[in-house]
Amino acid sequence: KVTFDLQPGFIPKVKADALELEQVFQNVLLNAIQQMARSRRKGGRVTIQTQYLPGDQKYPVKLRFMDTGPGVHQKDIDKIFEPMFTTKSAGTGMGLYICRQLLGRMSAQIRVEKTAMLIGTTFVIEFPRA
C-alpha cells in the first residue's frame, strides 16, 4: 500500500526532467516494494511525504519515501549508491546508482535519511529551488 502525505501549503517548483524524475521515483518505489516483500512481516506500507523548508538555503524541497521493510544494514548504507552493489539475489545493483546520477544532473540529491533494522527505511530526495 502506498500513501501520500502532502504538506499543506506552498511547495515551490523545482527544476527537473520529468522522464528522469519518473525513473527515479519508480526505482525508489520498486526498491521499497521489493524490500518489503523480503520482510517476514505480512504486507507493508510506503509513504511519500513532501516538505518545504524555506530556511534551508541549499535543498528546501524534500520528498521522502518511507517504507516498512527490513531496513538497510549500517554496513551497507555507504555502498547502496555504488554501481553493481546489491543485496538482492536477482538485482543488478544499478537502480540507486542511476537515481543518484540522474538527480545530480538536476542539482538534487538522494540519501538515506534514517533506517532501522526490521522497522524500515526513509530515503529523502532533496531539491534546490528552481
- Establish whether Val28 and Phe81 are linked, either directly or via other cluster members, by ILVMFWY side-chain heavy-atom contacts under 4.5 Å. yes
- Message: What verdict does the salt bridge (charged side-chain N to carboxylate O under 4.0 Å, His left out) test give for Arg111 and Glu126, after you've listed the backbone C-alpha separation in whole Å, the side-chain angles of each residue and the deciding distance to 0.1 Å?
- Response: CA-CA 9 Å; Arg111 62 185 173 83; Glu126 300 173 300; 3.1 Å; yes
- Message: I need the minimum non-hydrogen distance between Ile110 and Arg100, along with the two atoms involved.
- Response: O-NH2, 3.1 Å
- Query: When rounded to the nearest 0.5 angstrom, what is the spacing between CD in Gln23 and CG in Leu30?
  - Reply: 11.5 Å
- For Tyr59 against Ala108, the heavy-atom pair lying closest together: CE2-CA, 4.2 Å
- Report yes if some heavy atom in the side chain of Leu63 is under 4.5 Å from a heavy atom in the side chain of Gln51; otherwise report no. no
- Say whether Leu118 and Ile33 are linked into one hydrophobic cluster, either directly or through other cluster members, by side-chain heavy-atom distances under 4.5 angstrom. no
- Item | Which atom of Glu82 lies closest to which atom of Asp78, heavy atoms considered | OE2-O, 3.6 Å
- Step by step, work out the side chain to side chain contact (heavy atoms under 4.5 Å, CB included) result for Thr92 and Met84. CA-CA 6 Å; Thr92 64; Met84 309 305 280; over 6 Å; no
- Message: Give me the atom names and distance for the closest heavy-atom approach of Ser107 to Pro128.
- Response: O-CD, 3.0 Å
- Item | hydrophobic_cluster_shared for Phe25 and Leu96, side chain cutoff 4.5 Å | yes
- Query: Hey, does Ile11 have a side-chain heavy atom less than 4.5 Å from the side chain of Val61?
  - Reply: yes
- Item | Centroid-centroid under 6.0 Å between Phe85 and Tyr97 rings | no
- Note on the structure: Between Cys99 and Asn27, the two heavy atoms sitting closest are SG-CB, 3.4 Å
- Message: Any non-hydrogen side-chain atom of Gln74 less than 4.5 Å from a side-chain atom of Asp76?
- Response: no
- Stepwise side chain to side chain contact (heavy atoms under 4.5 Å, CB included) test for Ile48 and Leu29: CA-CA 9 Å; Ile48 301 169; Leu29 277 171; 4.1 Å; yes
- Query: Just wondering, do Lys15 and Met106 contact through their side chains at under 4.5 Å, heavy atoms?
  - Reply: no
- Message: How long is the straight-line distance from CD of Gln49 back to CZ of Phe65, given to the nearest 0.5 Å?
- Response: 11.5 Å
- Query: Does the side chain of Thr50 reach to within under 4.5 Å of the side chain of Tyr52, using non-hydrogen atoms?
  - Reply: no
- Query: Should Asp67 and Arg45 be marked as a side chain to side chain contact (heavy atoms under 4.5 Å, CB included) after you check the CA-CA gap, both sets of side-chain angles, and the distance that decides it?
  - Reply: CA-CA 6 Å; Asp67 69 57; Arg45 177 178 291 234; over 6 Å; no
- Answer yes if Val46 and Met117 sit in the same cluster of Ile, Leu, Val, Met, Phe, Trp and Tyr residues linked by side chain heavy atoms under 4.5 Å apart, and no otherwise. no
- Task: Check the pair Ile119 / Thr68 against side chain to side chain contact (heavy atoms under 4.5 Å, CB included), numbers first and verdict last.
- Result: CA-CA 6 Å; Ile119 294 175; Thr68 58; over 6 Å; no
- Task: Flag the pair Glu113 and Lys62 as a salt bridge only when some basic side-chain nitrogen lies within less than 4.0 angstrom of an acidic carboxylate oxygen.
- Result: no
- Item | Heavy-atom closest contact (Leu103 atom, Leu21 atom, distance) | CD2-CD1, 4.1 Å
